[in-house]
Amino acid sequence: MKKGSQVFGGKTLYPFQERAVAALDAGRSVLVAAPTGAGKTLIADYAIELAFLEDRRIVYTAPIKALSNQKFRDFRTDHGDDVGIMTGDVTINPDAPLIIMTTEVFRNTIFESPERLDKVTWVVFDEVHYLDDPERGTVWEESLLYAPQHIGVLALSATIPNIDQLAGWMRKTRGVEVDVVTEEERPVPLRHYFYLRDVGPKELGQLKGVLHKPPNKRRFRREGYPRQPLSYVIRENWLPALYFAFSRRDCERLCERFASRESLVTKEERRFLLSHFDDLAQRYEVDGQPGTKRLRRFASQGVLYHHAGLLPIHKEIVERLFTTAAIKLLFATETFALGVNMPAKCVVFDRLRKYDGVEVRWMKTRDYMQMAGRAGRQGIDDEGIVLSRLDMREAEWQPLKRITEGVAEPVRSRFNLAYSTLLNLYLRLGSKVTQAYDRSFAHYQETKKERAQASPRNRMIALRLRVLKAMGYIDGDALTPRGKLARMINGYEIAVTQLYFAGIFEHASAEELAAMFIGMVYDPRKGDDTDYVQIPQEKDVDGELKRWRKEEKKQGIENRTRGIDFSLNAVAFAWSKGIPFSDLGRLTSVTEGDMVRTLRMALQLMRQLRRVLEQDDPLRDKLREAADKIDRDVVDARRQLELG
């Protein structure tokens, strides 16, 4: 990429950055699509400076809380007390000129407290292609659709082929000018290799003569290729390297294996790593925990792992160590590639096929390029190296060509209005809410033929409205007390509202209340096993939600509201009574990271309910008591952010 002439923040802008900042100067919304590592963040920095100069506010949204926290720290370094954060877990300085939010919090603010956005002049949607996420993508779409008209949009994305379509939909629905800025070239080019056992590294053009042929083992031994790609990476000194595996277990297993070999760091690097590790562990007050000791042992060899099962504080330590470049090898799941800017010289894929929840499939081109894009550090590497391990039995020319050289898949709408969103829209639109789908990106994407097959979508909205009316949430043109409560709760609005109006919360102890909220948010993984403790409210809770699902079934709704999973009751009671976090492992096989995430989500839900209850409602005090019992030690997200 060639540099342009304009300078911002001491850096000469690339032409695509120049085009984007010119659009911002003109007050136009902008969609920017560029490869990972090309410099999209600088455009967001410019929008922030622009808002500050105009004495206005700007919102920065991110798809995951870890990225929100990272941005909060980064921006606080540059802008001090002008930065705040709202993630559901944490609220700090919420009236700051620059406020970091998860996209869910931004969407909720639009419906619950739109006046808080009156002075906001821009919103940045980082990783806007997350609109394609099957479970959470609708939140991005709702945010773009219903954000106040006076707010300009800066959307940042990896390369997507239908960015013009997304811009066209925004122009139509928001009624504003939207510029599209794209960049195809990377500042550091990538070189893609495939590593086959008994064959060695091959570029795509060399594979045709190799695939489905017996390997020449004699030549393989003569040329001295190691059997495993990582051994080759280490031999060639393509370090630091980021190794993507698609399971947590594989990340840990591979890390253990390579940590048991000879160290990848010098004595000086080891001293630096351990000093830095110990400083972080003490600062976060986790230096005595078993998991911390294990990570320290790995770090001393120059290797670490990173996945969602780790404690959030441990993930933080791993990320900070990796940015020093002293960690030579990091084993990570794909979420590590999302947003956090931590490049390496080399990226290795353990495989190019992954389980998508239904079957094992070849990776999407977009996902591959997002992860491969972490290879190559600006100002350090002439090129980034991407090495994919292949099994000869699975290697197929066309999928490999499509993944590495094909066009990224278009972003598809995942529009799926939740009950709380429907209730909020009903306040605005009344019975016309059934037409909400007509303004969606899904409707915009459909051809005329597809639209003829789509009223089912409008019909689904109508069916959900029928359920809300039948269950007493809507009465004529107005929301009932149930509807008014449910519209202010997001994610688990039906469970919370049904149990509240049934009086089930009222007669529960603080510990039982905590257990019920933990059960609402707990999403068990295969193989999770926990000691079982029953609470007296379980039968009543199940009965309330069965009544709701029965009405959904009657109306013909297939994806019905989920029930409550009480299998973490033992953890809920033990933690509420003050047991040390390190002792919870005796009660459950659930990973530390999953436990903390579940407890934090339960806290977030309790806070939502407490916030919307009347001041004289006695449940408010009980909710505070329950929350105080849970919000301590490693679960306390605010404490973690302030310590770091």
Whether the side chain of [X] engages the backbone of [Y] through a donor-acceptor N/O pair (distance < 3.5 Å, no angle test) should be reported.
X      : Y      : answer
Glu183 : Glu185 : yes
Thr77  : Arg73  : yes
Lys40  : Ala155 : no
Arg366 : Glu409 : yes
Glu642 : Arg639 : no

### Candidates Asp531, Val533, Asn569, Asp529 - the one meeting side chain to side chain contact (heavy atoms under 4.5 Å, CB included) with Leu587
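Only one option passes, and that is Asp531.
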### Polar side chain donor-acceptor pair, Tyr522 to Asp528, under 3.5 angstrom
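Present: a donor and an acceptor within the cut-off.
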### Task
Look at the aromatic rings of Phe336 and His306 and report parallel, tilted or perpendicular, splitting at 30° and 60°.
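Perpendicular, since the angle between the ring planes exceeds 60°.
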### Task
Could you tell me how the ring of Phe75 sits relative to the ring of Tyr60: parallel (under 30°), tilted (30 to 60°) or perpendicular (over 60°)?
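If you compare the ring of Phe75 with that of Tyr60, the planes turn out perpendicular.
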#### Entry: Trace of the side chain to side chain contact (heavy atoms under 4.5 Å, CB included) decision for Met101 with Thr87
CA-CA 5 Å; Met101 292 181 174; Thr87 65; over 6 Å; no
Once you round to the nearest 0.5 Å, how far does [atom1] of [X] lie from [atom2] of [Y]?
X      : Y      : atom1 : atom2 : result
Leu310 : Cys251 : CG    : SG    : 9.0 Å
Gln70  : Ser68  : CD    : OG    : 10.5 Å
Leu196 : Ser388 : CG    : OG    : 10.5 Å
Met371 : Thr333 : CE    : OG1   : 8.0 Å

### Message
Does the structure place the NZ or CZ of Arg632 under 6.0 Å from the centre of the six-membered ring of Trp575, at an angle of no more than 45° from the ring's axis?
### Response
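Geometry flag: set, cation within 6.0 Å and 45°.
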### Message
Under 6.0 Å from the ring centre and within 45 degrees of the ring axis: does the NZ or CZ of Lys202 meet both conditions for the six-membered ring of Phe194?
### Response
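Negative - Lys202 is either too far from the ring of Phe194 or too far off its axis.
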### Query
Could you go step by step and tell me if Arg235 and Tyr225 meet the side chain to side chain contact (heavy atoms under 4.5 Å, CB included) rule?
CA-CA 10 Å; Arg235 190 182 82 178; Tyr225 292 123; 4.2 Å; yes
### Query
When the ring centroid of Tyr232 is compared with that of Tyr195, is the distance short of 6.0 Å?
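When the ring centroids of Tyr232 and Tyr195 are compared, they turn out to be within the sub-6.0 Å range.
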### is_close_aromatic(His192, Tyr368), centroid dist under 6.0 Å
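Yes - the distance between ring centres of His192 and Tyr368 falls below the 6.0 Å cut-off.
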### Query
Looking at Tyr305, Tyr243, Phe349, which hits ring pair (Phe, Tyr, Trp, His ring centres under 6.0 Å) with Phe331?
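It is Tyr243, the one option of Tyr305, Tyr243, Phe349 that forms the ring pair (Phe, Tyr, Trp, His ring centres under 6.0 Å) with Phe331.
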### Task
For side chain to side chain contact (heavy atoms under 4.5 Å, CB included), just list the numbers for Arg600 and Val635, CA-CA rounded to whole Å, side-chain angles, deciding distance to a tenth of an Å, and then say yes or no.
CA-CA 6 Å; Arg600 287 181 176 179; Val635 177; 4.0 Å; yes
### Task
Test Asp89 against every option in Arg597, Arg638, Lys65 by the salt bridge (Lys or Arg N to Asp or Glu O under 4.0 Å) rule and name the one that passes.
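So the option named by the test is Lys65.
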#### Entry: Full working for side chain to side chain contact (heavy atoms under 4.5 Å, CB included) between Leu400 and Leu390
CA-CA 10 Å; Leu400 296 177; Leu390 284 186; 3.6 Å; yes
